[in-house]
Amino acid sequence: MSRGDQTPSEALTAFLRDFGGKRLGVAVSGGSDSLGLLHLANDWGRANGRTVFAATVDHGLREEAAAEAARVGEICADLGVAHRVLEWRDWDREGNLQAEARAARYRLLADWARELELDTVLLGHTQDDLAENLLIRLSRRAGVDGLSAMASWFERDGQVFARPLQGVSREALREDLRSRGIEWLDDPSNENAAFDRVKARQALSVLAPLGIDADALADVSRNLRDAREALEWQVNVLAAQAVAQDRGDLVMDVPAIQVAPVELRRRLLVAVVRWVSGADYAPRRASLCQVMAKIEAGEGTTLSGCLMTVAKGHLRVTREYAAVAKSVAAGEVWDGRWQLDGPWQDGMEIRALGEEGLRQIDDWRAANMPRTSLLSTPSVWMGETLVASPILGFGVGWTANILAERADFPPGKAP
């Protein structure tokens with residue numbers, strides 16, 4: 001039925017046992033997983049004095065989508081749950097459609113949740129999703145991270161999301177819906193063998209006689225998640241020992257890092273690059289391997305908008321000037337990580353210091369910071385006149401600080 005033989009209701013209750021919020025959101029597509037979650041969350045909310053809200057994202061990619069969203073609205077009305085349809089019409093038909101749609105879905109849900117001041121938005125992923133993801137990522141030769149179970153709680157686009165049913169099978173949810181006399185909506189794409197997820201479901205039916213079923217693969221993905229957490233903990237230990245911040249740069253003690261296993265070195269480099277660049281995703285493994293080889297050879301290189309230089313046993317990772325040369329901000333936040341405060345006036349804007357900025361500061365060498373690092377530091381401009389370069393102490397009353405949510409490195413808690 002579900003992990004530990006819990007009913008879906010028991011699984012949700014256990015998951016939310018320590019939940020202290022008052023307002024819950026549920027993302028509901030109308031399929032069995034999300035519709036089952038809606039009914040369970042509504043039951044739990046009524047029993048525990050919480051208010052439940054629901055939203056359906058209409059991507060505008062299928063003719064049936066609007067009618068399906070309307071049907072979800074009718075179901076929510078019967079339950080007394082406030083429901084809203086969130087429409088996505090911004091696809092420019094470039095890039096990966098599924099990735100773009102997924103990003104839009106989270107963004108729309110996050111905006112909706114903030115508007116309603118929801119504490120958490122629940123998603124209807126089940127253990128079947130864990131199994132299917134594992135098979136799909138195996139085909140892509142994923143490592144521990146890719147094969148690990150999805151996070152139960154996570155933040156995206158400034159909103160907390162949760163997956164409370166990852167220990168519950170899809171069939172258990174459907175049985176619960178049948179017992180309530182509720183019919184769910186079937187997305188035709190769930191039968192389209194052109195999609196990897198459908199292929200994964202078909203493969204599961206073939207593997208089942210070997211004992212490789214959804215329950216078994218979900219357990220494997222959870223075991224890998226435990227392994228991933230252990231690796232992340234050890235990376236934080238290594239970072240605390242061998243990485244220092246220097247005015248927006250990260251400086252690594254190469255000899256201290258080189259004695260660590262290659263997987264820890266790789267993960268640390270990913271964490272460093274993402275912290276400096278603000279990238280949402282890790283660089284490709286092939287690119288990382290090439291960069292690691294250059295670092296071992298004492299050579300400089302670039303990766304994901306970061307410049308890496310090796311000198312005197314240290315690797316300095318800074319924002320690459322080319323990555324921010326055209327970045328302009330009229331407000332106080334620049335490049336997604338710097339906040340500048342000072343005596344703002346109309347017409348001022350934040351840009352990288354660059355060569356022109358250095359030419360306007362006589363004693364920039366006194367900062368004891370590499371020229372290549374200084375080029376990409378945030379500065380205040382009025383047209384072509386440099387008003388302030390807080391990193392260099394140029395300009396009265398100006399400060400530049402890393403945003404609070406980006407300030408700590410390593411991002412996790414080191415012991």
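In this structure, L123 and A27 approach most closely via the heavy-atom pair CD2-CB, 3.8 Å. Minimum interatomic distance between Q159 and A110 (heavy atoms only, all atoms of both residues): CB-CB, 3.7 Å. R163 and A151 make their closest contact through NH1-O, 2.8 Å (heavy atoms, listed as atom of the first residue, atom of the second, distance). Of all non-hydrogen atoms in A162 and T120, the two that sit nearest each other are CB-CG2, 3.7 Å. A pairwise comparison of heavy atoms in R174 and S32 identifies NE-OG, 2.9 Å as the closest pair. Here the closest non-hydrogen pair linking C306 and V273 is SG-O, 3.7 Å.
Salt-bridge check for E355 with R371: passed, with a basic side-chain N closer than 4.0 Å to an acidic carboxylate O. Ion pairing between a basic and an acidic side chain is recognised when a charged N comes within 4.0 Å of a carboxylate O; K22 and D119 show no such pairing. Between D246 and R316, at least one side-chain nitrogen of the basic residue sits less than 4.0 Å from a carboxylate oxygen of the acidic one, meeting the salt-bridge criterion. With respect to the salt-bridge test (charged N to carboxylate O, under 4.0 angstrom), the residues E296 and R265 qualify. Salt-bridge annotation for E263 and R266: present, with a side-chain N of the basic residue lying under 4.0 Å from a carboxylate O of the acidic one.
Distance alone, capped at 3.5 Å, places no donor-acceptor pair between the E68 side chain and the T56 backbone. In this structure a side-chain-to-backbone donor-acceptor pair under 3.5 Å is missing from R351 to S379. Checked by atom type and distance alone, the side chain of R137 pairs as donor or acceptor with a backbone atom of G146 at under 3.5 Å. For S148 (side chain) and L224 (main-chain N/O), a donor-acceptor pair under 3.5 Å exists by modelled atom type.
Note that CD of E155 is 9.5 Å distant from CZ of F161, once rounded to the nearest 0.5 Å. In this structure, OG1 in T309 is found 7.0 Å from CG in L315, a value given to the nearest 0.5 Å. Annotation: the span from N48 atom CG to L16 atom CG amounts to 8.5 Å, rounded to 0.5 Å. Annotation: the span from E356 atom CD to I361 atom CD1 amounts to 10.5 Å, rounded to 0.5 Å. Between atom CE of residue M292 and atom OG of residue S287 there is a gap of 13.0 Å, rounded to the nearest 0.5 Å. Residue L185 holds its CG atom at 7.0 Å from CG of L35, rounded to the nearest 0.5 Å.
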In sequence, state the C-alpha distance, the side-chain angles, and the governing distance for T372 and Y321, and then conclude on side chain to side chain contact (heavy atoms under 4.5 Å, CB included). CA-CA 8 Å; T372 49; Y321 175 69; over 6 Å; no
List the steps and the verdict of salt bridge (charged side-chain N to carboxylate O under 4.0 Å, His left out) for D157 and R114. CA-CA 10 Å; D157 294 314; R114 282 193 296 272; over 6 Å; no
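Atom CD of E74 has more than 12 heavy atoms from other residues, nucleotides or ligands within 6.0 Å.
With a 4.5 Å cut-off on side-chain heavy atoms, D129 and R170 count as touching. Taking 4.5 Å as the limit, some side-chain heavy atom of R84 sits within range of a side-chain heavy atom of L116. Two residues are said to be in side-chain contact when any heavy atoms from C-beta on lie closer than 4.5 Å; K199 and D196 meet this criterion. At least one side-chain heavy atom of L353 sits under 4.5 Å from a side-chain heavy atom of L386. In this structure, L40 and L165 have side chains that are in contact, with non-hydrogen atoms separated by less than 4.5 Å. By the 4.5 Å heavy-atom criterion applied to side chains, Q127 and R222 are counted as neighbours. For the pair W44/V52, no side-chain contact is recorded, criterion being any heavy-atom separation below 4.5 Å from C-beta on. Within the 4.5 Å cutoff, side-chain heavy atoms of D249 are placed close to those of M369.
Each of I350, T377, V324 was evaluated against D335; a single residue qualifies, V324, per the side chain to side chain contact (heavy atoms under 4.5 Å, CB included) test.
A cation-pi arrangement, defined by a distance under 6.0 Å to the six-membered ring centre and an angle within 45 degrees of its axis, is present between R337 and W275.
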